[in-house]
Number of protein chains: 2
Amino acid sequence: MAAQLPPLQATRVFEAAARHGSFTKAAEELGMTQAAVSYQIKVLEDRIGTPLFLRRPRQVTLTEAGQRLAPAITEAFELIGAAWASARSGAQGMLSISTVQTFASNWLAQRIGSFQMAHPGLAVRFDTSPRFVDFAREEVDLAIRAGNGDWPGLATHLLLRTEFTPMLSPKLAASIGGLKEPTDLLRLPIIDPDDPWWTQWLTEAGASAEGLKGRVRSRMGSQAVEGGAAIAGQGVAMLTPAFFASELADGRLVQPFELLCSDGHAYWLVYPEARRNAPKISAFRSWILAEFAASAEE
Amino acid sequence: MAAQLPPLQATRVFEAAARHGSFTKAAEELGMTQAAVSYQIKVLEDRIGTPLFLRRPRQVTLTEAGQRLAPAITEAFELIGAAWASARSGAQGMLSISTVQTFASNWLAQRIGSFQMAHPGLAVRFDTSPRFVDFAREEVDLAIRAGNGDWPGLATHLLLRTEFTPMLSPKLAASIGGLKEPTDLLRLPIIDPDDPWWTQWLTEAGASAEGLKGRVRSRMGSQAVEGGAAIAGQGVAMLTPAFFASELADGRLVQPFELLCSDGHAYWLVYPEARRNAPKISAFRSWILAEFAASAEE
DNA sequence: CGGTATGCATAAGGACAATTTATCCATATG
DNA sequence: CATATGGATAAATTGTCCTTATGCATACCG
C-alpha cells in the first residue's frame with residue numbers, strides 16, 4: 001500500500017544537510033559527526049542512484065534531483081514534527097483516573113482541586129467503575145483500587161489502609177448520655193448492621209456481636225452515603241476515619257472509641273510499571289503521596 | 001531548527017499499524033515479523049509517554065493520542081514516498097553525457113537515436129566540453145573521453161582506438177588517376193598537414209614526410225570539419241575510419257590504403273565506479289558497447 | 001605566494017538499535 | 001471444548017549507524 005520509502009534516517013540527515021547547504025552544519029544540528037552525515041548522504045545517493053549534492057569547494061549544493069527532493073522532505077518532516085509535538089503535549093494534557101466510587105467521593109473529590117491548581121494545564125478525567133481497569137484495553141493512565149497490592153506488572157503505592165471504627169453525630173451520642181462502652185452502641189440505630197465490619201469491630205472490642213441480629217437491614221453500600229446518614233443523626237456508621245477527616249475535625253461526626261480495626265485491605269495507587277516516568281503520572285503520584293504523608297503527620 | 005522528531009523507524013511502523021489496525025498485517029506489509037512491530041510500537045509509546053494503541057482481543061485500535069497522530073504521519077509518509085518516487089524516476093529519466101566534440105559529432109550524433117528509441121523514457125543531455133568532467137562537481141552521469149584509460153576511481157570501457165588513415169573523395173582520387181603509392185597523396189591538397197598524424201602515417205607507410213613542408217596550413221581541428229572538406233573534394237584528410245563508416249560505405253569517401261596507424265590514444269566510456277549499477281548508466285553502457293561490438297564484427 | 005583553516009570523503013572499529021526466533025497468553029471461533 | 005488468531009515478551013543475533021582518525025582539496029590570510 002505505502003509507496004516504497006527511502007531509508008528514513010538517511011532522509012532525515014539529507015533534509016538537514018539540504019537546509020543548511022553544509023554537512024558540517026547539519027551534523028551540528030543533528031548532534032552527530034560530519035562523517036556520519038557524509039555517510040548517510042552517500043547511503044541515500046546509492047539508493048536513489050544519482051548524486052543529491054554537488055561537492056563544491058567549501059560547500060555542497062543540491063543537484064537537480066536533490067532540489068526536487070528537498071522541499072517535499074522538509075515539509076514532510078515538519079508535518080511529523082508538528083504532529084508529534086502536539087500529540088506529545090496533548091497526551092500530557094489529559095490525565096485519566098480510574099477509581100472506585102468510595103475513594104472518589106470520600107477523598108478525591110474534596111482534594112483534587114489542589115492538584116489541578118498545581119497543574120493548570122492538565123485536565124483530569126475520572127472513570128469510576130467498579131471493575132479493575134485493564135490498562136492495555138482502556139484509555140486510563142492510573143487507577144486507585146482497593147486490594148492487597150499484589151498486581152504483577154503494575155507499580156503500586158499504598159495510600160490508605162481501610163481501617164474502620166464506629167462514628168456518629170455528637171447529638172445522637174448525647175441523646176443517650178454519651179458512649180462509655182462499646183455495647184452502648186447497640187442502644188442506637190446501626191447503619192448497615194450486616195456489614196461484616198460491624199461484626200469484626202465488636203468482636204475485637206470485646207463485645208458480643210449478638211446485638212446485631214434481627215436489626216433492620218439498611219444496606220447503603222457506600223461510605224459516603226452512610227456517612228451522610230450518620231451526620232444526619234440517623235444512626236451509627238462503621239466508617240474509615242481518613243475519609244471523614246474534615247467531619248471529625250469540625251465536629252459533625254465523632255469517633256467515640258479509639259479502637260481501629262482493619263480487614264487488611266487498602267487503597268492503592270496503581271499504574272503500568274512502564275509508564276512510571278511519564279510526566280503526568282509522576283506529577284499525580286507526587287501529589288497524592290504528599291497528601292497522604294501530610295495527613296499522616298497530623 | 002527542525003522540531004524534535006520521533007524515532008523514524010518506529011514512526012514508520014506505527015503508520016502501517018495504524019493504517020491496518022493490526023500489528024500482524026503491518027508486519028507483513030513491512031516485511032518483518034510481528035514481534036518487531038510490537039517492539040517498535042512500544043518504543044514509540046515509551047517515547048511519547050502514552051499508549052497509542054488499545055490492545056483489544058484480536059485487534060488493536062488507536063487511542064485518542066494515536067488517532068491524533070496517525071493522519072498526519074500517514075500524510076507525511078505519503079509525501080515522502082511520492083517525492084522519493086518522483087526523484088527516483090526523475091533521476092532515471094535524464095542521462096547527462098559529457099563528451100568531447102569529436103566523438104559527439106563524428107559518432108554519437110548519428111547513433112544516439114537508436115539508444116533513445118530503445119529507452120523512450122530517458123532524456124539525453126549532452127555536455128560537450130574539452131575539460132575532463134569532475135563527477136563530484138558537475139551533474140554528469142557519464143563521460144566519453146580520449147586518454148589512456150587510467151583514471152582511478154572511475155570505471156572505464158575502451159570504445160575505440162584512435163586509428164587513422166588518409167581519406168578523400170573518390171572524385172578527387174580519380175582526378176589524378178587513382179592512388180597507387182602513399183607518395184601519390186602528396187600530389188593532392190592535404191587538409192591540415194601540420195597534424196602530427198600525417199607525419200606518423202607517412203613515416204610508417206615508408207614515405208618521406210618531407211613533402212608536407214611548406215604546405216598551406218589549414219588547421220581545422222576537428223575530424224567532422226576535415227571530413228566534410230574531404231567529402232567536398234577539397235583535399236585528403238587524415239581521419240579515423242570508425243568515425244566515417246557510413247561515408248566509406250556509401251562511397252562519399254574512400255580509404256586508398258590499408259595502413260592504419262594509431263597514436264595509442266583511445267576513446268573511453270567512463271563513469272564513477274560506485275554508480276555502475278544505476279539503471280541509466282548500465283543501459284547506456286550496454287548500448288554503446290553493443291554498438292562497438294557490432295561495428296567490430298563488420 | 002606559501003601556510004593555515006575549512007569542509008568533505010573514507011576506513012576501521014565499536015555501540016546499540018532493530019529484528020528474528022521461540023514461546024507464552026488471552027480470546028474469539030467453530 | 002479444542003483450535004486458531006493476534007499480540008507480548010525474552011534472548012540472541014544481526015546490521016545499521018556512528019565515531020575516531022586520517023587524508024585531500026581548496027579558499028583564505030598574512
Side-chain angles (χ1 to χ4, degrees), chain A residues 5-18 20-47 51-63 66 132 134-138 151-154 272-275, chain B residues 5-47 51-63 66 132 134-138 152-154 272-275:
Chain A
L5 289 180
L8 292 173
Q9 189 57 23
T11 306
R12 170 168 179 36
V13 171
F14 165 75
E15 193 275 335
H20 288 294
S22 157
F23 291 3
T24 304
K25 297 258 182 60
E28 268 168 40
E29 172 181 316
L30 299 173
M32 56 199 216
T33 60
Q34 169 269 321
V37 172
S38 181
Y39 165 83
Q40 292 291 5
I41 298 294
K42 180 191 278 277
V43 165
L44 205 61
E45 289 179 331
D46 282 354
R47 189 67 79 85
L52 293 166
F53 287 97
L54 295 178
R55 276 66 171 182
R56 320 278 298 294
R58 312 197 48 136
Q59 68 171 350
V60 289
T61 58
L62 288 166
T63 62
F132 193 98
D134 179 342
F135 289 101
R137 294 199 200 157
E138 289 167 60
W151 293 291
L154 297 178
E273 176 66 30
R275 297 198 60 209
Chain B
L5 290 179
L8 291 174
Q9 189 58 23
T11 306
R12 171 172 180 29
V13 171
F14 165 75
E15 193 274 335
R19 195 152 30 75
H20 288 294
S22 156
F23 291 3
T24 302
K25 296 257 184 60
E28 268 168 41
E29 172 180 315
L30 299 173
M32 54 199 219
T33 59
Q34 170 269 322
V37 172
S38 182
Y39 167 82
Q40 292 291 7
I41 298 294
K42 179 191 281 275
V43 165
L44 206 62
E45 289 178 332
D46 282 354
R47 189 67 79 87
L52 294 166
F53 287 95
L54 296 177
R55 277 67 170 181
R56 320 279 296 295
R58 313 200 44 139
Q59 69 171 345
V60 290
T61 58
L62 290 166
T63 61
F132 194 97
D134 179 342
F135 290 101
R137 291 197 204 160
E138 289 166 60
L154 298 179
E273 177 67 28
R275 299 197 58 209

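We name chains A, B, ... by the order of the sequence lines, and we start the count at 1 in each one. Only heavy atoms go into these numbers, but all of them, side chains included; no hydrogens, no water, no symmetry mates. As the structure is a computational prediction, the values presented were derived from the model and not from experiment.
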For this session: Any chance you could lay out the side chain to side chain contact (heavy atoms under 4.5 Å, CB included) test for B:Val37 and B:Gln34, step after step, and finish with the verdict?
Result: CA-CA 5 Å; B:Val37 172; B:Gln34 170 269 322; 5.6 Å; no
For this session: Could I get the full list of ring-ring contact (aromatic ring centres under 6.0 Å, His included) partners for A:Phe53, not counting sequence neighbours?
Result: A:Phe14, A:Phe23
Seminar exercise, completed: What one should report as the nearest heavy-atom pair of A:Thr63 and A:Pro51 is OG1-O, 2.9 Å
For this session: Report yes if some heavy atom in the side chain of A:Val43 is under 4.5 Å from a heavy atom in the side chain of A:Gln9; otherwise report no.
Result: no
Exercise. Atom CZ of A:Arg12 to atom P of D:dC18: distance rounded to whole Å?
Worked result: 10 Å
Exercise. If you take all heavy atoms of A:Arg47 and A:Leu5, which pair is closest and at what distance?
Worked result: NH1-O, 4.5 Å
Exercise. Closest approach of A:Ala16 and A:Ala26, non-hydrogen atoms and distance?
Worked result: C-CB, 3.8 Å
For this session: For the residue pair A:Pro7 and A:Gln40, establish whether any side-chain heavy-atom pair is separated by less than 4.5 Å.
Result: no
Exercise. Looking at residues at least two apart in the chain, or sitting in another chain, which of them share a salt bridge (charged side-chain N to carboxylate O under 4.0 Å, His left out) with B:Glu28?
Worked result: none
Exercise. Atom CD of A:Glu29 to atom P of D:dC18: distance rounded to whole Å?
Worked result: 14 Å
Exercise. Nearest-Å distance, CG (A:Asp134) to P (C:dC25)?
Worked result: 16 Å
For this session: Check whether any side-chain nitrogen or oxygen of B:Arg137 sits under 4.0 Å from OP1 or OP2 of C:dC8, and answer yes or no.
Result: no
Exercise. What is the minimum heavy-atom distance between A:Ala17 and A:Ile41, and which atoms define it?
Worked result: CB-CD1, 4.1 Å
Exercise. What residues, two or more places apart in sequence or in another chain, satisfy salt bridge (charged side-chain N to carboxylate O under 4.0 Å, His left out) together with A:Arg137?
Worked result: A:Asp134
Problem set entry | Protein-nucleotide distance (A:Lys42, atom NZ; C:dA11, atom C1'), rounded to Å | 11 Å
For this session: Would you mind reading off the distance between B:Leu30 atom CG and C:dT20 atom C1', rounded to a whole angstrom?
Result: 15 Å
Pairs under 3.5 Å (N/O, protein and nucleotides 17-19 of chain C):
{"from": "C:dA18", "atom 1": "O5'", "to": "B:Gln40", "atom 2": "NE2", "distance (Å)": "3.4"}
{"from": "C:dT19", "atom 1": "OP1", "to": "B:Gln9", "atom 2": "NE2", "distance (Å)": "3.4"}
{"from": "C:dT19", "atom 1": "OP2", "to": "B:Gln40", "atom 2": "NE2", "distance (Å)": "2.9"}

Exercise. Does a side-chain N-to-carboxylate-O contact under 4.0 Å join B:Lys25 and B:Glu29?
Worked result: no
When you compare the protein's N or O atoms with those of nucleotides 5-7 of chain D, which come within less than 3.5 Å of each other, and at what distance?
{"from": "D:dT5", "atom 1": "O4'", "to": "B:Arg58", "atom 2": "NH1", "distance (Å)": "3.4"}
{"from": "D:dT5", "atom 1": "O4'", "to": "B:Arg58", "atom 2": "NH2", "distance (Å)": "3.0"}
{"from": "D:dT5", "atom 1": "O3'", "to": "B:Arg58", "atom 2": "NH2", "distance (Å)": "3.3"}
{"from": "D:dG7", "atom 1": "OP1", "to": "B:Phe23", "atom 2": "N", "distance (Å)": "2.9"}
{"from": "D:dG7", "atom 1": "OP2", "to": "B:Thr24", "atom 2": "N", "distance (Å)": "2.9"}
{"from": "D:dG7", "atom 1": "OP2", "to": "B:Thr24", "atom 2": "OG1", "distance (Å)": "2.3"}

For this session: Please report how far the helix from C:dC1-D:dG30 to C:dG30-D:dC1 bends, comparing the axis fitted to its first five pairs with the axis fitted to its last five, to the nearest 10 degrees.
Result: 30°
